[in-house]
Participant: 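Would you mind keeping the following structure in view while I ask a few things?
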Amino acid sequence: MPELPEVETIIRGLRRRVLNRRIANVEFLLPKLVVGNVDQTAARLRGQRIVGIRRHGKYIVFELERGRKRSCLVVHLRMTGNFIVDGDAGPHTRAIVALQGGPTLLYHDMRKFGRWQWSERLPERLRELGPEPLEITLEDFAKRIRSRHAMVKAVLLDQEFLRGLGNIYADEALFRARLHPKANTAKIGAKRAGRLHAAIRDVLTEAIAQGGSTIINYVDSEGAQGYFQLQTYVYGKTGEPCKVCRGKIRRTLVASRSTHYCSKCQRR
DNA sequence: CGAGTCCTGTGT
DNA sequence: ACACAGGACTCG
């Protein structure tokens with residue numbers, strides 16, 4: 001269930017372990033993992049050197065090179081995807097990547113929602129996504145948010161608005177900004193936009209820092225245990241007292257996603 | 001917009 | 001038995 005900070009932590013681990021390695025062989029244990037033809041994808045990947053590993057929102061982009069030819073492998077972990085270096089294959093192992101002279105990279109995915117796509121250039125779908133939440137300027141953010149007419153929580157989850165925010169960090173950012181999740185984005189002025197922009201940056205930065213310092217290393221065998229999670233103020237705290245005002249944390253639905261907020265701190 | 005879909009596991 | 005899960009796509 002990785003969002004931006006978890007994916008960032010994963011790619012940093014992958015860089016340490018598999019960057020500059022050559023793919024000796026790829027075995028797909030779940031054909032539907034692959035977008036497009038499985039055998040062709042496996043053939044395309046064979047012999048590629050991994051020359052870069054980047055994050056694009058919640059997507060992992062492996063930059064590949066074989067001879068002069070560049071291409072990429074785009075992986076989305078969705079809910080339960082995970083990489084494990086030198087771990088043991090199990091019932092949830094969906095792909096096995098053998099690296100020349102290096103470790104074996106396993107891909108686990110209990111719910112089978114993850115997707116792998118090989119292509120020569122960055123897929124169109126990825127280029128349609130919004131800016132990185134940690135790169136967007138306040139000015140641009142304020143302008144973009146006011147151009148939308150929807151509940152702010154729904155907008156934060158929209159990857160074409162910003163790429164990488166998910167349900168947890170959207171809720172946590174709104175809490176920190178003291179914005180009600182159902183507030184209308186069209187009515188968000190400079191002051192509230194400033195608070196939200198800062199809150200998003202802060203919560204993601206803290207989570208990435210925590211991911212980097214956490215004992216769990218996703219990319220090693222213990223990674224299968226699960227993802228780290230930043231200490232939350234509202235997410236999953238339904239019925240508990242708010243840590244700031246002691247008010248009750250409520251749960252509601254926005255865009256058919258479970259949404260948590262403090263009714264006292266977060267005014268409409 | 002919302003609802004349904006893809007999947008399996010966990011918690012009540 | 002049933003609701004719910006941190007994601008995203010498709011359809012009406």
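All chains are named by letter (A, B, ...) in the order of the sequence lines, taking the proteins before the strands, and each is independently numbered beginning at 1.
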Participant: Take the protein atom CG of L126(A) and the nucleotide atom C1' of dG7(C), then report the distance between them rounded to whole Å.
Facilitator: 14 Å
Participant: Going 5' to 3' along DNA chain B, between which two nucleotides do contacts with chain A fall, using a heavy-atom cut-off of 4.0 Å?
Facilitator: dC1(B) to dG9(B)
Participant: Between E172(A) (side chain) and V234(A) (backbone), is there a donor-acceptor pair under 3.5 Å?
Facilitator: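 Present.
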Participant: With distance as the sole test, does Q48(A) use its side chain to make a donor-acceptor pair with the main-chain N or O of A24(A) at under 3.5 Å?
Facilitator: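 Here the side-chain-to-backbone pair does not exist.
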Participant: Check this for me: F161(A), atom CZ, are more than 12 non-hydrogen atoms of other residues, nucleotides or ligands nearer than 6.0 Å?
Facilitator: yes
Participant: Send over the distance from L230(A) CG to dG6(C) C1', rounded to a whole Å.
Facilitator: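 In whole Å, dG6(C) C1' and L230(A) CG are 13 Å from each other.
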Participant: Go through the steps for R46(A) and N25(A) under the test side chain to side chain donor-acceptor pair (under 3.5 Å), then give the verdict.
Facilitator: CA-CA 5 Å; R46(A) 221 164 286 138; N25(A) 192 42; 3.0 Å; yes
Participant: Between atom CG in L156(A) and atom C1' in dG6(C), what is the gap in whole Å?
Facilitator: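 Answer to the nearest Å: 15 Å.
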Participant: Checking all strands, does A154(A) fall into the base, sugar-phosphate, or nothing category for heavy-atom contacts under 4.0 angstrom?
Facilitator: nothing
Participant: If you pin H260(A) and Y59(A) to their nearest nucleotides in DNA chain C, which one's is more 5'?
Facilitator: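 Closer to the 5' end of DNA chain C: H260(A).
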Participant: Can you find an N or O donor on one side and an acceptor on the other, under 3.5 Å apart, linking the side chain of R111(A) with the base of dA5(C)?
Facilitator: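 Per atom types, the contact qualifies.
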Participant: Rounded off to whole Å, could you give me the CG-to-C1' distance for the L165(A) and dG6(C) pair?
Facilitator: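 After rounding, the gap between these two atoms is 12 Å.
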Participant: Tell me whether the OP1 or OP2 atom of dA8(C) has a side-chain N or O from Q159(A) closer than 4.0 Å.
Facilitator: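 Checking Q159(A) against dA8(C): at least one side-chain N or O falls below 4.0 Å of OP1 or OP2.
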Participant: Using the P atom as the point on both nucleotides, what is the distance between dA3(C) and dT5(B), in whole Å?
Facilitator: 15 Å
Participant: Do any side-chain nitrogens or oxygens of Y235(A) fall under 4.0 Å of OP1 or OP2 in dG6(C)?
Facilitator: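 Indeed, a polar side-chain atom of Y235(A) lies that close.
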Participant: Determine the minimum heavy-atom distance between T185(A) and V155(A), stating which atoms define it.
Facilitator: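 That closest heavy-atom pairing would be CG2-CG2, 3.7 Å.
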Participant: Using OP1 and OP2 only, check whether a side-chain N or O of K58(A) sits under 4.0 Å from dG6(C).
Facilitator: no
Participant: Calculate the interatomic distance between L157(A) atom CG and dG7(C) atom P; express it in whole Å.
Facilitator: 7 Å
Participant: Just N and O in the side chain of H76(A): are any of them under 4.0 Å from OP1 or OP2 of dA8(C)?
Facilitator: yes
Participant: Judged by modelled atom types alone, do Q117(A) and Y59(A) share a side-chain donor-acceptor pair under 3.5 Å?
Facilitator: no
Participant: Tell me the interatomic distance from L33(A), atom CG, to dA8(C), atom C1', rounded to whole angstroms.
Facilitator: 15 Å
Participant: Using atom C1' in both nucleotides, what's the gap between dC4(C) and dG4(B) to the nearest angstrom?
Facilitator: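 One C1' to the other, the span is 16 Å.
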Participant: Please report, rounded to the nearest Å, how far the P atom of dA5(C) is from the CG atom of D109(A).
Facilitator: 19 Å
Participant: Please tell me if T80(A) has a side-chain N or O lying less than 4.0 Å from either OP1 or OP2 of dG6(C).
Facilitator: no
Participant: For residues Y169(A) and E6(A), determine if any side-chain heavy atom of one lies less than 4.5 Å from a side-chain heavy atom of the other.
Facilitator: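 With C-beta onward as the side chain, the pair touches.
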Participant: With a centroid cutoff of 5.5 Å and a plane-angle limit of 30°, would you call F113(A) stacked on dG7(C)?
Facilitator: yes
Participant: For R115(A) versus K112(A), what's the shortest heavy-atom pair and its separation?
Facilitator: NH1-O, 3.3 Å
Participant: How close do M110(A) and H92(A) get, heavy atom to heavy atom, and via which atoms?
Facilitator: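 Of all heavy-atom pairs spanning M110(A) and H92(A), the closest is CG-NE2, 3.7 Å.
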Participant: Can you tell me how far P in dA8(C) sits from the matching atom in dG9(B), rounded to whole Å?
Facilitator: 22 Å
Participant: Base, sugar-phosphate, or nothing for R251(A), non-hydrogen atoms under 4.0 angstrom?
Facilitator: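 The answer is sugar-phosphate, as R251(A) gets under 4.0 Å only of primed atoms, P, OP1 or OP2.
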Participant: If I take atom CZ in residue R78(A) and atom C1' in nucleotide dA8(C), what distance separates them, rounded to the nearest angstrom?
Facilitator: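 Those two atoms, CZ and C1', are 4 Å apart.
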Participant: Taking dT12(B) as the reference, what is the distance to dG6(C) when you measure between their P atoms (whole Å, please)?
Facilitator: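 Their P atoms lie roughly 16 Å apart.
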Participant: For nucleotides dA1(C) and dC7(B), find the distance between their P atoms and express it as a whole number of Å.
Facilitator: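 It comes out at 22 Å once rounded to the nearest Å.
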Participant: Need the pair for dC7(B). Rule: Watson-Crick or G-U wobble, both distances under 3.5 Å, any strand; none if unpaired.
Facilitator: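 Pairing partner: none.
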